[in-house]
Amino acid sequence: MADFDDDFFRKWQAGDDEARNRMWELLWHKLYTVAVRFCRGFTRNDSMAEELAAEAFTQAVLELNEKVRAGEVEWRGAPPFVAYARNRLIFRCRSQLRKHWREHQRSDALDPFTADGEEEDQALIESLDSGEASPDVTLLDRDSLLAVVTLLAAAREMCRRAKKLVEVIVCIESYLRQCVVRTAPPEVDTLAMDWEELLEVAELGELKFDKAEMYEFIRQSLGIDRNALYLRMKRLREILDGLREAEND
Amino acid sequence: MSTQIKNLEPRCREIQPRLPDFLRWGLGAVATGEVQGHLLTCQPCSEVYGELIMEEVESGAVPLRTAPRVPSPDWYSSYLSVRGGRLGMLWEALGDALKSPDVNVKDWAEEQMEKVGEALRQLLTPFSSPPPAFAHVATRGAVRTRGSAAKKSRANLEADVLSADLEPTGETVAFTVEEAPRVSIDGRFQLQLRTQTAGYEGYTVFCSLALAEAPAISFSGKLRSASEAGAWVVEIDEEVMKGVAGLVPLRLVKLALALK
């Protein structure tokens, strides 16, 4: 980073392509590696992390170039500049990850726990009142279960300012845990086990998860009627789809 | 980190100490989800996490990745929008677009390449015999076409001088075309130009080809002093595509000059 000084920055600002290329050598590979590592903490595989990071990186570099050339970024030395560039890149990575979550992860792993759409929510919740049996029985393996547990925890974190939604997610987590505990040998004390330990002793071949049963469990646990549950599920989906932090309620 | 933590939101204060373990994949499923959910909604904690990763990268603990090549910002918007214009589509920019991580940009570039390839095939006059490598052509003005040695006097072309925002300044520079422009057997667009007009050294010469069913495309090269005094030359030699080769009719060539 020795060459990266005020003079270098001015040249880049003036549109010097050589300075831009030198920047590439000095900084971009490191920052790109940071971006891939950042995304890898959220995705299940390297190639997806690389894809998201590449997109975030392109956006961040173009944004940074524009800001530098427009004089919107002041030079206060190399470390503050690198930190600024890294923070813009992290911001772009988060945008990409939220987009990815909306498009893939939530639908992949959370759908057993939140219905596919509002109409299904409504129909499912109404069916509870009519006493109809639910055809929705989902079987999950260990990895899928751990992915769901992680996603539920992430959803709970994102909704943490909305207590009523947190209550719903905690109920979903409890219901899921109950389903798994039911499959464990009766002599095993599962009470203090974390999820990883629990899944070691559970007989997942016997695991059955019933969405209608879960809705009933939530209603009874929270003492709410079907309309309230419908509204909360709808709100939960809106937050997860928009991936905004929920406001206080 | 401890000084910073004092001024944090209570939840950030709980999450930040978990970040080193999160980085090492050392948290359980629930804690991992909580950190993920938090980072997705909290830029300050994400920045702290980014700093941790940077420390790890700078320590050499993780191998550096090669950053994707991002197209020149000056030309980026043209990737998606230019369909001709004063200079045509810069071939170099199209090449960059093909390497773009943005799928839309890449798809667009592939589509343009296909169109340009087809248009080039139609307009090129095929070589009757393998031409000598461009750089070694010594004869002046002799172009072989269709099997006969057609002696051709050197052609002159005028280039519009453009301002920094690519508007015509009204000035022109006369160039001599010493060899017919061509796409070589190995798929390179090649053109040598010479001028005796002083004052434009370091300018970029853009050579645009008007194509029938595709956007005009441009190749470029820098004007530099020739070996003899009072002359300046530009050699354009850019990779186009394999499988198309031949001479480019001069009537389709348009030149422009800009300081870029």
Side-chain angles (χ1 to χ4, degrees), chain A residues 15 17 20 24 27-38 41-42 50-51 53-55 57-62 65-66 69 82-83 86-87 89-91 93-94 97-98 101 145-160 173 194-197 199 243-246, chain B residues 9-11 14-15 19 22-25 27-58 60-77 99-105 164 259-260:
Chain A
D17 278 347
R20 180 175 172 267
W24 211 268
L27 191 54
W28 290 153
H29 298 308
K30 275 186 189 169
L31 287 182
Y32 179 62
T33 309
V34 169
V36 175
R37 289 282 283 163
F38 188 90
F42 296 79
E50 186 120 20
E51 198 175 302
E55 180 62 32
F57 181 78
T58 304
Q59 290 173 357
V61 170
L62 290 168
N65 263 302
E66 206 175 302
R69 299 276 294 272
V82 173
R86 188 181 63 235
N87 291 342
L89 179 59
I90 294 292
F91 178 81
C93 285
R94 290 175 58 234
L97 286 163
R98 287 199 295 266
W101 170 295
L145 268 170
L146 280 178
V148 167
V149 168
T150 301
L151 284 163
L152 284 170
R156 177 161 43 74
E157 183 65 28
M158 286 183 280
C159 296
R160 67 182 181 278
E173 288 174 316
D194 62 23
W195 270 99
E196 285 77 7
E197 290 165 338
L199 291 174
L243 269 184
R244 299 183 296 270
E245 197 175 355
Chain B
E9 293 272 328
R11 188 57 177 157
E14 291 165 5
I15 292 289
L19 294 176
F22 179 68
L23 181 60
R24 290 190 292 269
W25 294 88
L27 297 176
V30 172
T32 296
E34 287 173 352
V35 173
Q36 287 178 341
H38 187 80
L39 293 180
L40 286 176
T41 52
C42 180
Q43 175 70 12
C45 285
S46 296
E47 291 179 4
V48 171
Y49 183 51
E51 202 178 330
L52 275 179
I53 303 175
M54 189 74 169
E55 281 169 17
E56 190 193 41
V57 170
E58 295 211 306
V62 287
L64 276 189
R65 306 246 179 181
T66 303
R69 189 174 174 207
V70 178
S72 162
D74 291 343
W75 296 350
Y76 190 68
S77 60
K99 294 171 202 154
S100 166
D102 184 324
V103 177
N104 294 328
V105 173
L259 192 57
K260 199 161 174 61

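Chain letters run A, B, ... following the sequence lines, proteins first, then strands; residues in each count from 1. Please read all numbers here as calculations on a predicted model, not as lab measurements.
In this structure, the separation between NZ on A:Lys30 and CE on B:Met54 is 6.0 Å, given to the nearest 0.5 Å. With rounding to the nearest 0.5 Å, the separation of CG in B:Leu64 from OH in A:Tyr32 is 12.0 Å.
Within the 4.5 angstrom heavy-atom criterion, no atom of A:Gln59 approaches chain B. Contact of A:Asn87 with chain B is made through backbone and side chain together, with heavy-atom distances under 4.5 Å. Using a 4.5 Å cut-off between heavy atoms, A:Leu89 does not touch chain B at all. Residue contact with chain A, scored on non-hydrogen atoms closer than 4.5 Å, involves the backbone and the side chain of B:Val30 alike.
Listed by chain and number, the residues in a side-chain contact (heavy atoms from CB on, under 4.5 Å) with B:Ala31 are B:Arg18, B:Leu27 (sequence neighbours excluded). B:Glu14 is linked by a side chain to side chain donor-acceptor pair (under 3.5 Å) to B:Arg11, counting only residues two or more places apart in sequence or in another chain.
Between A:Phe42 and B:Phe22, the ring-plane angle classifies as perpendicular under the 30° and 60° cut-offs.
Here the side chain of A:Glu157 pairs no donor or acceptor atom with the backbone of B:Val35 at under 3.5 angstrom. Between the side chain of A:Arg98 and the main chain of B:Leu40, a donor-acceptor pair closer than 3.5 Å is present.
Residues B:Tyr49 and A:Arg37 share a closest heavy-atom pair of OH-O, 4.4 Å. Here the closest non-hydrogen pair linking A:Arg160 and B:Thr41 is NH1-OG1, 3.9 Å. Among all heavy-atom pairs drawn from A:Val34 and B:Ile53, the shortest one is CA-CG2, 3.9 Å. The two residues A:Trp28 and B:Ala67 have their closest heavy-atom pair at O-CB, 3.9 Å. B:Ala29 and A:Thr150 get closest at one heavy-atom pair: O-OG1, 3.2 Å.
Between chain A and the residues B:Pro63, B:Ser46, B:Gly28, the most heavy-atom pairs under 4.5 angstrom are made by B:Ser46.
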